[in-house]
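Data block below; observations after.
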Amino acid sequence: MKINYKYWAIAIVVLGLLLTNGTVGKASLSDNEEEQVKSNIELRRAEEQPLTIANADIAPDIDRIIKRGRLIVVIFFEDVPPFFMHTKNGEFTGIDVEIARDIANKLGVDVEFNRSPETFDGIVEIVANREADIAISLLSDTLSRATTVRFSNSYVELHQTLLINRLNLAERFPTAETADEINSALNQEGIKIGVIDGTSYVDFVKETYPLATYVPYDDFSTMVEDVTNGNLFALLYDELEISNWKYANPDGGLLLKIVVLEKQTDTIAFAVHRDDVNLLAWLNLYLVKAQGSGFLDNLLETYLTQNEWRNQ
Amino acid sequence: MKKILDLMLNPWLVFGSLIAGGAFGWFLPAVAVQISPIGDLYINLLQMSVIPILLTAVMGGLTRLFISGSASNYLSRLLFTILFGLMIASLIGIFVGSIGRPGSNLQQSSHATLGTTISNTEFGSSQSANENRELGLFSFFNTMIPDNIFLALTQGNRLSITFFSIVVGVALGSVGSQLATPALAGIDAFYQTFIKITGWLMYGLPVGLFCLTAGNVSGLGFDILGAMLKLLLFVSLGAILHVLTYTIIIWLKVGGSIFHSFSALRESLIVALGTASSFATIPSALRGLKEGLQIDKDTADLVLPLGITINPPGSVFHFAISTLFIAQLYGKDLSIDQYVVIFIGAVLAGIAASGAPGIAALSMIGIILQPLGLPTGVAIILLAAIDPIVDPILTVVNVHANCATTVLVSGDRAIKTTSTENA
């Protein structure tokens with residue numbers, strides 16, 4: 001029972017310290033300042049107006065956006081469903097588009113989309129040249145890109161995916177069944193693997209299949225055609241593009257085998273100018289909150305797991 | 001009461017319940033799912049006695065054979081008949097597949113259905129497909145020899161059990177008739193007991209088959225069946241060709257009317273079609289052979305269970321025609337030596353598949369497809385999709401083939417008995 005008294009004593013002392021501290025802290029604020037804090041809290045609650053901390057400077061890289069009243073978001077020039085695409089009614093939507101709108105809303109500004117870049121490396125250039133505030137465009141956070149811009153934490157993780165000519169595979173590697181077996185089979189001289197030029201997949205192919213030959217392509221459908229007719233052994237791309245292809249070409253599964261490389265992830269993140277450190281910190285905090293509120297999970301569930309959006 | 005029991009054994013009622021169950025599953029799939037557990041219960045009851053029957057029949061049969069001293073002559077005839085039958089089945093598969101071309105000129109919508117089925121199956125199981133599939137004859141021998149017979153018995157590994165029964169039967173036949181005769185009497189008593197049990201179960205056949213087929217039909221995916229309709233059609237056609245051939249063989253050997261040769265075994269054909277389990281069909285096939293066709297009891301008890309285990313002409317035929325289907329699907333022209341690969345490969349794959357359960361049996365098609373450079377994964381997915389329809393048909397072929405084998409191998413005694421009866 002002695003021990004119990006000891007704990008009680010400690011608890012009472014701690015409680016007492018906390019109480020006095022609180023009073024001391026409160027007393028140190030002058031009446032005027034206290035009112036100011038109160039009114040600020042009331043203001044935020046009443047108008048839900050974000051980012052107005054009176055008597056404090058707003059970080060210049062964020063202030064620039066607020067003063068302009070517009071957040072400029074750069075997105076790849078072609079639609080890549082379900083990240084950025086148009087519905088049948090012409091409405092611009094998708095995971096990245098909805099995140100961009102949500103960020104602009106939280107900053108209390110409008111959103112403007114810059115859709116000029118025709119390669120994914122081009123998106124990075126636009127941000128590096130300050131022609132846009134932020135890239136939200138299915139952008140992989142590769143090490144080489146990170147030498148010019150800053151990346152946020154990643155908000156979605158995709159897997160590298162192979163599309164392989166079934167007959168070539170069965171003829172050359174009849175016993176290769178699992179993803180690992182196929183992966184090691186592809187790393188051989190004379191195997192041609194297609195990849196879209198200017199994407200992070202050029203690096204991925206060089207890294208994963210150093211012995212194979214990589215063939216750069218400008219568009220996906222020509223590349224798929226070359227795998228189908230056997231000019232290429234396989235192609236490497238992200239699981240989205242390949243699952244879009246699967247829905248558009250249901251008969252394709254007969255000739256081409258989809259292999260999702262679960263171990264080879266492709267992390268997608270926002271990019272900002274390398275000097276915009278405060279904006280980046282703000283975006284990382286935004287991502288933590290978007291994850292906590294379920295906003296991000298809902299978005300990914302709607303667009304990546306379910307397929308109803310394909311009918312819209 | 002007796003009348004009701006007799007009615008339950010009426011083959012027309014049994015056949016009718018099979019058809020009615022199929023129709024029920026087609027039109028009322030939701031209710032059919034509810035009653036299908038009764039069908040599962042029934043098939044469990046049927047299979048309950050299968051392993052003891054297999055064990056006692058093969059042991060007893062071989063012991064008797066060795067005591068009488070006619071074993072070597074008899075066994076070589078059995079092996080020759082089985083091998084010849086499997087080669088014929090392989091040829092029929094190649095023939096029907098080449099003439100019918102089940103994989104050529106499919107509609108675009110069929111290609112789309114096949115493609116979607118394949119990619120969805122692969123996409124969903126990209127990681128779980130890591131199971132180790134061993135192919136070839138070595139794995140066949142590996143599963144055949146048990147390291148622990150009691151483990152094989154509890155796991156229901158039929159190939160190991162058959163192998164063990166053969167060894168015990170040969171050994172028991174070699175220890176001298178003084179020792180073997182009492183043991184043989186014991187084995188026979190148990191054998192008759194289990195046959196009696198399955199005989200009682202035949203009274204439940206109409207109800208059991210109704211629930212079983214209703215459940216099976218309700219679970220079918222109609223898109224994929226439509227896309228592979230041509231293959232299904234030619235598999236059925238080939239199966240009918242097989243059953244006709246076997247019936248003629250039985251008729252030539254037994255004599256009498258050809259209709260009698262068929263109708264004596266009709267119950268086993270219906271059970272095979274309804275249960276898709278050739279082992280569950282053993283008791284009714286034995287009854288048909290012994291009572292309907294007056295086949296020598298000792299031969300039937302030994303050859304039929306043995307044949308059901310190691311002689312699957314239905315599977316050989318299926319592998320041969322399915323290989324042609326896949327080759328045609330991928331527009332691959334086959335050379336003469338590739339046809340030889342299919343001919344031999346189908347026999348080997350069929351034998352290897354007899355030791356493997358379920359989908360693992362289908363994966364043995366890799367034995368043929370891998371040397372041809374055709375995608376095995378695709379074949380397994382597509383064949384598994386139509387397996388609920390194909391499996392019962394092949395079971396009928398396998399059971400009937402082994403009835404014919406039994407008749408062929410049985411001594412001349414069978415013919416004498418039948419002819420005296422007819423006279």
| said: Under the side-chain contact (heavy atoms from CB on, under 4.5 Å) test against Pro375(B), which residue among Leu167(A), Leu255(A), Asn165(A), Ile164(A) passes? | reply: Leu167(A)
| request: Look at atom CG of Asp219(A) and say whether more than 12 heavy atoms of other residues, nucleotides or ligands are closer to it than 6.0 Å. | output: yes
| Reported CG-to-OG distance for the pair Asp251(A) and Ser119(B), which is rounded to 0.5 angstrom | 9.5 Å
| said: Around atom CG of Asn229(A), are there more than 12 heavy atoms from other residues, nucleotides or ligands closer than 6.0 Å? | reply: yes
| Enclosure of Trp245(A) CH2 (heavy-atom neighbours >12, cutoff 6.0 Å) | yes
| message | Could you check whether atom CG of Leu143(A) has more than 12 heavy atoms from other residues, nucleotides or ligands sitting under 6.0 Å from it? | response | no
| query | Crowded around Gln107(B) CD? As in, over 12 foreign heavy atoms under 6.0 Å? | reply | no
| Which residue out of Thr116(B), Leu369(B), Leu114(B) racks up the most heavy-atom pairs below 4.5 Å with chain A? | Thr116(B)
| request: Among the options Gln108(B), Lys332(B), His111(B), pick out the one with the most heavy-atom pairs lying under 4.5 Å from chain A. | output: His111(B)
| task | Start with the C-alpha distance between Leu254(A) and Ile118(B), add both sets of side-chain angles, then the distance that settles side chain to side chain contact (heavy atoms under 4.5 Å, CB included), and finish with yes or no. | result | CA-CA 7 Å; Leu254(A) 205 54; Ile118(B) 297 165; 3.4 Å; yes
| query | Does a sphere of radius 6.0 Å around CZ in Phe95(B) hold more than 12 heavy atoms from other residues, nucleotides or ligands, not counting ones at 6.0 Å or beyond? | reply | no
| said: Which atoms of Leu329(B) are under 4.5 Å from chain A, going by heavy atoms: the side chain, the backbone, both sets, or neither? | reply: side chain
| Heavy-atom check, side chain of Gln370(B) versus side chain of Glu171(A), under 4.5 Å | no
